[in-house]
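A quick write-up on the structure given underneath.
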There are 2 protein chains.
Amino acid sequence: MSRTTLDTAALAHDLRLAVMRFSRRLRNQRVDHSVTLTHLAALSTLKRNGPMSPGELAAQERVQPPSMTRVVVALEGMGLVTRTPHPTDGRQVIIDLTQTAEDLLTEEARAREAWLSGQLQSLTPEERTVLREAAEIMEKLAGG
Amino acid sequence: MSRTTLDTAALAHDLRLAVMRFSRRLRNQRVDHSVTLTHLAALSTLKRNGPMSPGELAAQERVQPPSMTRVVVALEGMGLVTRTPHPTDGRQVIIDLTQTAEDLLTEEARAREAWLSGQLQSLTPEERTVLREAAEIMEKLAGG
DNA sequence: TATTGTTATACTCTATAACTATA
DNA sequence: TATAGTTATAGAGTATAACAATA
């Protein structure tokens, strides 16, 4: 095994543990328990990329369609998204945010990400740059 | 709000989504379904840091003690760890790896991390350096 | 009284398989 | 037939609360 291969194996190991522990920490940091992190992630994606079908949303979030169905049903029940029929394709549905969700996201941007934002503020600018670049790379790996 | 504060909020948002999607991808990448990623993480920690109590293991993995109890029970049932009484403190238990687990970890280092290692190999050395540094920072944030 | 670990219980997250409706 | 979405079902992962044993 080459030097690079060994290093890569070690990195794979360390990165896996770090991501698992960090994501646990993020989930546990919830304060408002009515909207979960998974729900919030879906809402954030809708906010960022606009209305879309459940299938498209599932693909973006890297989950299977049935998993997204559950999320959408829950969000609709909370009045955070609407489901409207696709104008031309009767099989499809378009998911969109309600004003309540828009307001919630604005609030969340302040409240729910407070812990993480605070933690990030305590880092050096160089460390934040590393995380910013790492976020892009992880998105690439998640989608590839 | 200062420029740095705004940037940090955006980073918090992007980093959260990236970590969630990446960790989903890692979980789904399982091939051998007998040992889950959570189990493997606990075994890896024992391998790296040696025998320890369930409480200590829970703390290292950033989960609550009852959650770790379930993991340990499952691992003991599979013959991957042993539970022996602490020599002086009757309340405590020491969890240690069996030879089977050692062998499994050796195999996993090759097999289960193959996907991630392969992905990492396809990155540039600079990108790997970013992830290596990011892993350290995320561990710090997870523990802080 | 404090600490360690476990049991009991419940909720979140996600998946696969099977079904319905539309194209 | 193929595609989009949903329902049914199940399993993994985690938590809080209450309990038992030991210090």
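Chain identifiers are assigned alphabetically (A, B, ...) following the order of the sequence lines, protein sequences preceding nucleic acid strands; residue numbering begins at 1 within each chain.
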Do A:Val130 and B:Leu131 sit in one hydrophobic cluster, given that two such residues count as connected whenever their side-chain heavy atoms are within less than 4.5 Å of each other, even indirectly?
yes
Treating primed atoms plus P, OP1 and OP2 as sugar-phosphate and everything else as base, which nucleotides of nucleotides 18-23 of chain D get B, S or - for protein heavy atoms under 4.0 Å?
----BS
Measure the CG-CG distance between A:Leu97 and A:Leu80 for me, rounded to the nearest 0.5 Å.
8.5 Å
What about B:Val19 and B:Leu123, same hydrophobic cluster or not, with Ile/Leu/Val/Met/Phe/Trp/Tyr joined at side-chain heavy-atom distances under 4.5 Å?
yes
Describe the nucleic acid contact of A:Thr38 in one word from base, sugar-phosphate, nothing, applying a heavy-atom distance below 4.0 Å.
sugar-phosphate
Mind listing the side-chain donor-acceptor pairs of residues 45-52 of chain A below 3.5 Å, one per line with the distance, residues two or more places apart or on another chain?
from    : atom 1 : to       : atom 2 : distance (Å)
A:Thr45 : OG1    : A:Ala41  : O      : 3.1
A:Thr45 : OG1    : A:Glu61  : OE2    : 2.4
A:Thr45 : OG1    : B:Arg21  : NH2    : 2.9
A:Lys47 : NZ     : A:Glu102 : OE1    : 2.8
A:Arg48 : NH1    : B:Asp14  : OD1    : 3.3
A:Arg48 : NH2    : B:His13  : ND1    : 3.3
A:Arg48 : NH2    : B:Asp14  : OD1    : 3.2
A:Asn49 : ND2    : A:Gln60  : OE1    : 2.8

Would you kindly give the CG-to-P distance between A:Leu57 and D:dG5, to the nearest whole Å?
10 Å
Round to the nearest Å and state the distance from A:Met78 atom CE to C:dT12 atom P.
9 Å
How long is the gap from CE on B:Met20 to CD on A:Glu139, to the nearest 0.5 Å?
11.0 Å
Give the nucleotide from the list D:dT14, C:dG5, C:dC13 with an atom nearest to the side chain of B:Val93.
C:dG5
Nearest-angstrom distance from the residue atom CD of B:Gln64 to C1' of D:dG13
13 Å
B:Arg25 atom CZ is separated from C:dT14 atom P, nearest whole Å, by 14 Å
With a 4.0 Å limit, can you tell me whether A:Ser53 has a side-chain N or O closer than that to the phosphate oxygens OP1/OP2 of D:dA4?
no
CD1 of B:Ile95 to CE of B:Met68: how many Å apart, nearest 0.5 Å?
9.5 Å
Tell me whether the OP1 or OP2 atom of C:dA15 has a side-chain N or O from A:Ser67 closer than 4.0 Å.
yes
Quick check on C:dT6: is either OP1 or OP2 less than 4.0 Å from any side-chain nitrogen or oxygen of B:Arg83?
yes
Counting only non-hydrogen atoms, which of residues 68-77 of chain B are less than 4.0 Å from DNA chain D?
B:Arg70
For A:Arg24 and A:Pro54, take the nucleotide of DNA chain D holding the closest heavy atom to each; which residue's nucleotide lies nearer the 5' end?
A:Pro54
Does B:Thr8 use its side chain to pair, donor to acceptor, with the backbone of A:Leu120 at less than 3.5 Å?
no
Does B:Ile94 share a hydrophobic cluster with B:Leu75, counting links as ILVMFWY side-chain heavy atoms below 4.5 Å and allowing steps through other members?
no
So, do B:Ile137 and A:Phe22 sit near enough that their side-chain heavy atoms are less than 4.5 Å apart?
no
Are OP1 or OP2 of C:dC13 and a side-chain N or O of A:Arg27 less than 4.0 angstrom apart?
yes
What is the distance from CD1 of B:Ile95 to C1' of C:dG5, rounded to the nearest Å?
10 Å
Between C1' on C:dC13 and CE on B:Met20, what's the gap in Å once rounded to a whole number?
9 Å
Whole Å only: how far is the CZ atom of A:Arg21 from the P atom of D:dT14?
12 Å
Within the structure provided, determine whether B:Leu57 and B:Val63 are in side-chain contact (heavy-atom separation under 4.5 Å).
no
Could you give the CG-to-P distance, from B:Leu26 to D:dG13, as a whole number of Å?
13 Å
